[in-house]
Amino acid sequence: MAVTREETATTGDMPTYQIRAPTTALPQGVMMAASPGSLHSPQQLAEEATRKRELRLMKNREAAKECRRRKKEYVKCLESRVAVLEVQNKKLIEELETLKDICSPKTD
């Protein structure tokens, strides 16, 4: 139903309103949209639950992918650090051996 306002001819009178059927009809098979809370058929609820589940799974896949990427980066960083520390340790051991040779009393 549509509400239209009609002005009266004399000034000072209150406007009058008339309720009438809408002049344009929706094409066959087209329904007017209802508020989101009013569509609660079991099929719609199941579709909504499926949609939410798919969205949650997609977000979880993306988060897991990012987590694996960060972990791989972290492991590479640790491996690099281990390599540097191993080289440093080897140099320190060699330096220690050199110092031992220099400082130890020589026996003939």
Side-chain angles (χ1 to χ4, degrees):
M1 295 280 180
V3 177
T4 59
R5 180 177 171 196
E6 293 181 356
E7 295 290 333
T8 56
T10 59
T11 58
D13 288 344
M14 297 291 291
T16 59
Y17 295 92
Q18 180 181 20
I19 299 176
R20 58 191 176 127
T23 56
T24 59
L26 293 172
Q28 187 175 5
V30 176
M31 296 175 41
M32 292 185 68
S35 64
S38 66
L39 302 176
H40 292 296
S41 73
Q43 182 182 3
Q44 289 167 334
L45 290 175
E47 288 173 359
E48 179 70 11
T50 301
R51 187 187 66 77
K52 285 183 178 181
R53 180 178 182 274
E54 290 296 324
L55 183 62
R56 180 176 45 83
L57 290 174
M58 184 179 69
K59 286 181 178 181
N60 184 267
R61 277 191 294 272
E62 291 298 319
K65 183 178 177 180
E66 179 64 18
C67 183
R68 288 189 298 270
R69 185 196 64 77
R70 283 193 315 261
K71 182 179 179 182
K72 189 180 281 188
E73 184 179 323
Y74 176 71
V75 168
K76 281 183 181 180
C77 182
L78 288 178
E79 288 171 345
S80 168
R81 188 170 175 200
V82 165
V84 168
L85 290 173
E86 284 176 341
V87 168
Q88 185 180 4
N89 194 30
K90 185 176 179 181
K91 285 182 182 179
L92 288 172
I93 290 171
E94 289 172 357
E95 184 180 348
L96 178 63
E97 292 299 322
T98 304
L99 289 173
K100 280 183 182 178
D101 289 344
I102 294 172
C103 294
S104 66
K106 293 183 180 181
T107 56
D108 288 324

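With sequence neighbours excluded, the residues that form a side-chain hydrogen bond (donor to acceptor under 3.5 Å, both in side chains) with Q43 are E47.
By the 4.5 Å side-chain criterion applied to Ile, Leu, Val, Met, Phe, Trp and Tyr, V84 is assigned to no cluster and stands alone.
Interatomic distance, I93 CD1 to L96 CG, rounded to the nearest 0.5 Å: 8.0 Å.
The salt bridge (charged side-chain N to carboxylate O under 4.0 Å, His left out) analysis of residues 90-100, with sequence neighbours excluded, yields no pairs.
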Can you give the donor-acceptor pairs under 3.5 Å from side chains of residues 50-64 to other protein atoms, not counting sequence neighbours?
unit_1: T50; atom_1: OG1; unit_2: A46; atom_2: O; d: 2.8
unit_1: R51; atom_1: NE; unit_2: E48; atom_2: OE1; d: 3.4
unit_1: R51; atom_1: NH2; unit_2: E48; atom_2: OE2; d: 2.7

Counting only pairs under 3.5 Å, give me each side-chain donor-acceptor contact of residues 65-75, with atom names and distances, residues two or more places apart or in other chains.
unit_1: E66; atom_1: OE1; unit_2: R69; atom_2: NE; d: 3.3
unit_1: E66; atom_1: OE2; unit_2: R69; atom_2: NE; d: 3.4
unit_1: E66; atom_1: OE2; unit_2: R69; atom_2: NH2; d: 2.5
unit_1: R69; atom_1: NH1; unit_2: E73; atom_2: OE1; d: 3.1

